[in-house]
S.K.: 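Got a structure here, written out as C-alpha cells. Questions coming.
Ligands are counted one by one from 1 in listed order, and the atoms in each one are counted from 1 as well.
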Amino acid sequence: MRILTGSDHGGLSLKKLLVERLRAQGHEVVDVGTDTTTSCDYPDFAVPVARGVAAGEADFGLLVCGTGQGMAMTANRVPGVRAAVVGDTFTAKATRQHNDANVLCLGERVVGPGLAAEILDQFLATAFEGGRHIGRIAKIARVQGA
Ligand code: RB5
C-alpha cells in the first residue's frame, strides 16, 4: 500500500517507528514531515496528508501528534477524508469496517509503541463492510461538501 504520513513534534518519535515498520512490511511511505523536534503546528502536516488521501494519491493517511485529536479535527475538514483517532484495536477494526476511515490518527502521549503498531496493523488489514454503512458515510460527505 501507499501511505502518506505526517506528525508534529509531539508525534515525531512514534511516527518514525511506524514509518520504519511500514517500510519493513513493504509499504510505500511518503512522509510530509515534521522531521525535527522543534515545536510546530499540526495543521501544517494534517492538511497535506488529508488532501493527498482525498485526491487518491495514497491508500491511507497516518497522522501522529500528542493526542491525535488536533490532527483528526484538521483532517476531517477536507472533503472525502474520514479521520479517526484510535486508541484500541477494536476501534481500529470497527472504524474501517463501519466508517471506511481513510486516515488513522494516533496520540504519541496516549498509546505506547507496541499498541500503536497493533492498531496500525489492524487498521490496514481491515476492509470496509459496505452495505448499510455506505449511505451513512455519504451523509458525512454531504456535510463536508464533497
Ligand atoms: C502539541 O503540544 C500538542 O498540542 C499536539 O501534539 C496535539 O496533541 C494536538 O492535538
Side-chain angles (χ1 to χ4, degrees), residues 1-128 133 136-146:
M1 287 185 193
R2 183 174 161 87
I3 298 160
L4 270 173
T5 65
S7 74
D8 67 358
H9 56 289
L12 180 62
S13 298
L14 179 58
K15 180 188 68 176
K16 279 181 166 175
L17 282 176
L18 295 178
V19 166
E20 200 173 302
R21 196 162 178 281
L22 285 167
R23 287 184 174 141
Q25 290 172 338
H27 297 292
E28 183 187 353
V29 181
V30 178
D31 183 17
V32 305
T34 186
D35 304 319
T36 74
T37 54
T38 305
S39 182
C40 57
D41 302 333
Y42 52 82
D44 296 339
F45 308 96
V47 170
V49 167
R51 286 189 174 151
V53 170
E57 293 165 14
D59 298 292
F60 293 107
L62 170 64
L63 290 167
V64 190
C65 64
T67 60
Q69 300 293 343
M71 289 296 196
M73 289 177 191
T74 310
N76 278 321
R77 298 284 176 172
V78 175
V81 166
R82 291 173 301 280
V85 181
V86 179
D88 63 274
T89 54
F90 178 88
T91 305
K93 186 175 181 181
T95 199
R96 286 287 308 124
Q97 289 176 323
H98 291 201
N99 314 120
D100 198 17
N102 52 13
V103 175
L104 173 63
C105 301
L106 296 171
E108 181 182 315
R109 298 171 187 164
V110 183
V111 294
L115 177 56
E118 287 194 12
I119 288 169
L120 179 57
D121 285 351
Q122 185 70 73
F123 186 90
L124 295 180
T126 307
F128 178 48
H133 303 295
R136 294 169 185 168
I137 65 169
K139 289 187 179 185
I140 298 175
R142 282 205 285 281
V143 169
Q144 288 177 320

S.K.: Please indicate whether any nitrogen or oxygen in G68 is less than 3.5 Å from any nitrogen or oxygen in ligand 1.
M.R.: no
S.K.: Just by modelled atom types, is the A101 backbone N or O under 3.5 Å from a matching donor or acceptor in the R96 side chain?
M.R.: yes
S.K.: Side chain, backbone, both or neither: which part of M71 has a heavy atom under 4.0 Å from ligand 1?
M.R.: neither
S.K.: Could you identify the single nearest non-hydrogen protein atom to atom 8 (O) of ligand 1 and state the distance to 0.1 Å?
M.R.: T67 N, 3.0 Å
S.K.: Among D8, V85, L12, whose heavy atom sits nearest atom 6 (O) of ligand 1?
M.R.: D8
S.K.: Is the backbone of G80 close enough, under 3.5 Å, to the side chain of Q144 for a donor and an acceptor to pair up by distance?
M.R.: yes
S.K.: Just need the protein heavy atom nearest to atom 10 (O) of ligand 1, so name the residue and atom and give the distance.
M.R.: G70 N, 2.9 Å
S.K.: Specify the closest pair of heavy atoms between G6 and V32, including all atoms of both residues, with the distance to one decimal.
M.R.: CA-CG2, 3.9 Å
S.K.: Between H98 and H133, what is the ring plane arrangement, given parallel below 30°, perpendicular above 60°, and tilted in between?
M.R.: parallel
S.K.: What atoms of ligand 1 come closer than 4.0 angstrom to any heavy atom of G66?
M.R.: 5 (C), 6 (O), 7 (C), 8 (O)
S.K.: What is the distance from atom NZ of K16 to atom CG of D35, rounded to the nearest 0.5 Å?
M.R.: 8.0 Å
S.K.: What protein heavy atom sits nearest atom 2 (O) of ligand 1, and how far off is it?
M.R.: R109 NH1, 3.3 Å
S.K.: Between CZ of F60 and CG of L120, what distance do you get to the nearest 0.5 Å?
M.R.: 10.0 Å
S.K.: Only heavy atoms of H9, strictly under 4.0 Å: list the atoms of ligand 1 that pass.
M.R.: 1 (C), 2 (O)
S.K.: Judging by distance only, is a nitrogen or oxygen of Q69 under 3.5 angstrom from one on ligand 1?
M.R.: no
S.K.: Between atom OG1 of T5 and atom CG of L18, what is the distance when rounded to the nearest 0.5 Å?
M.R.: 9.0 Å
